[in-house]
Amino acid sequence: MKVDKLMELIGSDFYTGVPDSQLKALCNCLIHKYGIDPHHHIIAANEGNCAALAAGYHLATGKIPVVYMQNSGEGNIINPVASLLNDKVYAIPVIFIIGWRGEPGVHDEPQHIYQGEVTVTLLKDMGVASFVIGQDTTDAEVADKMAEFRQLLSQGKDVAFVIRKGALTDAPEVEYRNDNRMMREEIIRHIVKASKEDPVISTTGKASRELFEIRTADKQSHQYDFLTVGSMGHSSSVALGVALHKPQQKIWCIDGDGAVLMHMGSMAVMGANKPNNLVHIVINNGAHETVGGMPTVASQIDLVAIAKACGYPYAVCVNTYDDLDKELNIVKEKNALCFLEIKCSIGAREDLGRPTSSALENKQNFMEYLKTLG
């Protein structure tokens, strides 16, 4: 169905969410209509953040908000849905719009398979009534379901529209760009050159895909890398766990700005533990590029200052390849927890592939390599 028709039938004037490629039509429509406007549209750090923002909107206005998200974010909303929104607690009505990655019977990436299987079940377990919208769903069917949903919402219950691949159409074209010049794939190439055979933990999305293709093109082993293809926001914590238990080995983490924002508390834990063998790199393009390019707030905040405040002994930001190479050489030799923010442009190769090995194979090869390091 046309995305503006869905928005019309829902009838809300406040949306908050975390972007999803399955919901690109909705995301583009919101950016085209509202941009980033605190009164109508906020891109939040994570899905639980969205649910709480939505609750605040309802408390202040008495109106019903909309939270949009990929189904991978259901885990992040369980706590606020169960203990804040639920009709047995504060009875705060929210409409969720959820992109259904990994839908059974539809080919998708491995990190989405199980999440796709339990998407509707999790909603049911949380007491959230749901309705699936596919390519053949009619406007009339959605209107009828919305009428049913309004009865539930009036009782302080939450509801959800689960969106199948390609179900939403006719979104306006939106260009996402920034003024940075360095490309992420080339940045990762420089990191690989500096890290050599050191273990690398990379974040979800295009960064891991580019790292895999760089290793392949350079005929290097993939055993050096753990590709955190799911679990957005947690690659730095994975890296911390590895670094603490391989104290004699330099460990590198390639992170993204959206991922860092999603679970920023991990930086405080990192800074408090101060592993002297960990380099935490954040490639910051101020965008959720992997799922379409919608902006994050990372271009408006000082990540280096945050890292220093969290206790990182060394933290710097670079925006040129010369400075990048200089700092990579510095952090490689430093006996301290290091933070390196790299300003990056938005964009990737059209023909960027995906890892050809399975997630399980990646884990096993990485663990075998770690064993050789003592």
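Given the structure is predicted, the values throughout are model-derived calculations rather than measurements. In what follows, residues are counted from 1 in the order of the sequence shown.
- The minimum heavy-atom distance between Ala348 and Glu210, with the atom names listed, is CB-OE2, 3.8 Å.
- In terms of hydrophobic clustering, with Ile, Leu, Val, Met, Phe, Trp and Tyr side chains grouped at heavy-atom distances under 4.5 Å, Val3 and Ile163 are assigned to a common cluster.
- For Asp179 and Arg177, the salt-bridge test passes: some basic side-chain N is under 4.0 Å from an acidic carboxylate O.
- Gln155 places a side-chain N or O within donor-acceptor distance of the main-chain N or O of Gln151, the cut-off being under 3.5 Å.
- Atom NZ in Lys334 sits 14.5 Å away from atom CG in Leu278 (nearest 0.5 Å).
- Thr119 places a side-chain heavy atom less than 4.5 Å from the side chain of Glu74.
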Exercise for the section: Test side-chain contact (heavy atoms from CB on, under 4.5 Å) on Asn180 and Ile346 and set out the steps. Expected result: CA-CA 8 Å; Asn180 300 324; Ile346 297 173; over 6 Å; no
Exercise for the section: Would you check, one step at a time, whether the test side-chain contact (heavy atoms from CB on, under 4.5 Å) holds for His112 with Gln70? Expected result: CA-CA 10 Å; His112 299 300; Gln70 185 180 118; 3.0 Å; yes
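- The ring of Phe212 has its center closer than 6.0 angstrom to the ring center of His222.
- The existence of a salt bridge linking Asp87 and Lys157 is confirmed by a sub-4.0 Å separation between a basic side-chain nitrogen and an acidic carboxylate oxygen.
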Handout entry: Pair Ser21-Arg101, side-chain hydrogen bond (donor to acceptor under 3.5 Å, both in side chains): steps then yes or no
Key = CA-CA 9 Å; Ser21 56; Arg101 297 297 302 271; 3.2 Å; yes
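- The heavy-atom pair separating Glu141 from Asp136 by the smallest distance is OE1-O, 4.2 Å.
- Between the side chain of Asn46 and the main chain of Gly48, a donor-acceptor pair closer than 3.5 Å is present.
- The aromatic rings of His41 and Tyr68 sit tilted, their planes meeting at an angle between 30° and 60°.
- Hydrophobic clustering keeps Leu303 apart from Ile187 (ILVMFWY residues linked when any side-chain heavy atoms are closer than 4.5 Å, directly or through intermediates).
- Side chain of Ser266 to main chain of His263: a donor-acceptor pair is present (N/O by atom type, distance under 3.5 Å, no hydrogens or angles).
- Remark: side-chain polar atoms of Tyr369 are paired, donor with acceptor, to backbone N or O of Glu197 under 3.5 angstrom.
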Handout entry: Verdict with supporting geometry, Phe339 and Tyr314, ring-ring contact (aromatic ring centres under 6.0 Å, His included)
Key = CA-CA 6 Å; Phe339 181 87; Tyr314 187 79; over 10 Å; no
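- Around atom NZ of Lys24, no more than 12 heavy atoms belonging to other residues, nucleotides or ligands sit under 6.0 Å away.
- Smallest separation of non-hydrogen atoms from Asn284 and Ala298: ND2-O, 3.3 Å.
- Considering all non-hydrogen atoms of both residues, Asn49 and Ala44 come closest at OD1-CB, 3.3 Å.
- Every residue meeting the side-chain contact (heavy atoms from CB on, under 4.5 Å) condition with Arg349, not counting sequence neighbours, appears here in chain and number order: Glu185, Glu213, Asp351, Leu352.
- In this structure, the side-chain contact (heavy atoms from CB on, under 4.5 Å) partners of Ala51, at least two apart in sequence or on a different chain, are Pro80, Leu85.
- Using a cutoff of 4.0 Å between basic side-chain nitrogens and carboxylate oxygens, Lys343 and Glu341 are scored as salt-bridged.
- Put simply, the side chain of Asn273 never gets that close to the backbone of Pro275: no donor and acceptor are under 3.5 Å apart.
- Closest approach of Leu328 to Ala194, counting heavy atoms only: CB-CB, 3.9 Å.
- Taking the centre of each ring, Phe14 and His39 stay at or above the 6.0 Å mark.
- Of the charged side-chain nitrogens involved, none lies within less than 4.0 Å of a carboxylate oxygen, so that Lys165 and Glu103 do not count as a salt-bridged pair.
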Practice task
Give the C-alpha distance, both sets of side-chain angles, the deciding distance and a yes or no for side-chain contact (heavy atoms from CB on, under 4.5 Å) between Asp257 and Ile283.
Solution key: CA-CA 6 Å; Asp257 55 294; Ile283 301 176; over 6 Å; no
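- Side chain of Lys274 to main chain of Leu337: no donor-acceptor pair is present (N/O by atom type, distance under 3.5 Å, no hydrogens or angles).
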Practice task
Could you please spell out the steps behind the side-chain contact (heavy atoms from CB on, under 4.5 Å) verdict for Leu26 and Ile97?
Solution key: CA-CA 9 Å; Leu26 174 65; Ile97 301 179; 4.0 Å; yes
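- Under the side chain to side chain contact (heavy atoms under 4.5 Å, CB included) rule, Phe161 has a single partner from Thr137, Ile10, Val66, Ile98, which is Ile10.
- Nearest heavy-atom pair across Tyr312 and Met267 is CE1-O, 3.5 Å.
- Within 6.0 Å of CD on Gln248 lie no more than 12 heavy atoms contributed by other residues, nucleotides or ligands.
- Not counting sequence neighbours, the partners of Phe226 by the ring-ring contact (aromatic ring centres under 6.0 Å, His included) test are Phe366.
- The pair Asp198-Lys332 meets the salt-bridge criterion, with a side-chain N (NZ, NE, NH1 or NH2) lying under 4.0 Å from an Asp/Glu carboxylate O.
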